[in-house]
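Computed from heavy atoms alone, side chains included, the values below leave out hydrogens, waters and symmetry copies.
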Amino acid sequence: MVSNPTTAAQRAQERTRQEFLSDIGHLNALASPARQQLLLLLGNKDDSGLTVNELADKIQMSQPATSHHLKILKDIGMIDSYRRKNKVFYYLTLNDTIDRLARILAALQERVKSISQPHDLHQ
């Protein structure tokens, strides 16, 4: 039995929508230039991590604003922290972020394959 292309396209569209909805927190976290900078800085440091003050200095942002961005990244699972004496060090984890982004990419690729492209319509 030949599958209906419209049905396949609709399924691909729904899968893409579901992936975006389930991973919207990660996408929003990555949308901020400040959080992108923090992730890049933490990705360049060894396992010892960086303190909020070190990070704030590097991105030229206030300590409270930097702490706010770090909390968002930590809540979503992209970074984690540990305490050593009276300092908190942040480090990159990305837990399942890479897997989530791969699923979004796969859903988008499936969606693109399921729809007619403008150049296909003129052939």
> Quick one: side chain to side chain donor-acceptor pair (under 3.5 Å) partners of D75, sequence neighbours excluded?
Replying inline: K71

> With sequence neighbours left out, what residues match N53 under side chain to side chain contact (heavy atoms under 4.5 Å, CB included)?
Replying inline: T51, Q63

> Who passes side chain to side chain contact (heavy atoms under 4.5 Å, CB included) against L105, sequence neighbours left out?
Replying inline: Q109

> Which residues pass the side chain to side chain contact (heavy atoms under 4.5 Å, CB included) test with A56, sequence neighbours left out?
Replying inline: T66

> How far apart are the C-alpha atoms of K87 and V52, what are their side-chain angles, what is the distance that settles it, and do they pass the side-chain contact (heavy atoms from CB on, under 4.5 Å) test?
Replying inline: CA-CA 9 Å; K87 292 185 178 181; V52 66; over 6 Å; no

>> I need the minimum non-hydrogen distance between I79 and T93, along with the two atoms involved.
In response: N-OG1, 3.5 Å

> Can you name the nearest heavy-atom pair linking H69 to A34, along with the distance?
Replying inline: NE2-CB, 3.7 Å

> For the atom pair CG (L30) and NE2 (H26), what is the distance rounded to the nearest 0.5 Å?
Replying inline: 8.0 Å

> Considering only heavy atoms from C-beta outward, does the side chain of L92 approach that of D80 to under 4.5 Å?
Replying inline: no

>> Quick check: is I76 connected to L101 through a chain of hydrophobic side chains (ILVMFWY, heavy atoms under 4.5 Å apart)?
In response: yes

>> Set out, in order, the CA-CA distance, both residues' side-chain angles and the distance that settles side-chain contact (heavy atoms from CB on, under 4.5 Å) for Y90 and L50, then state yes or no.
In response: CA-CA 5 Å; Y90 293 88; L50 292 166; 5.8 Å; no

> Which residues pass the side chain to side chain donor-acceptor pair (under 3.5 Å) test with K74, sequence neighbours left out?
Replying inline: S81

> F89 vs Y82 aromatic rings, parallel, tilted or perpendicular, using cut-offs 30° and 60°?
Replying inline: parallel

>> Please enumerate all residues that pass side chain to side chain donor-acceptor pair (under 3.5 Å) together with R83, with sequence neighbours excluded.
In response: none

> Which is it for M78 and R35 under the side-chain contact (heavy atoms from CB on, under 4.5 Å) test, yes or no, and what are the steps along the way?
Replying inline: CA-CA 10 Å; M78 291 182 179; R35 290 190 287 272; over 6 Å; no

> Could you state the interatomic distance from CZ (R84) to OG (S48), rounded to the nearest 0.5 Å?
Replying inline: 6.5 Å

>> Check for me, please, whether V88 and I72 land in the same ILVMFWY cluster - side-chain distances under 4.5 Å, paths through other members count.
In response: no

> Can you name the nearest heavy-atom pair linking L73 to A29, along with the distance?
Replying inline: CD2-CB, 4.2 Å

> Which residues pass the side chain to side chain contact (heavy atoms under 4.5 Å, CB included) test with A65, sequence neighbours left out?
Replying inline: M61, S62

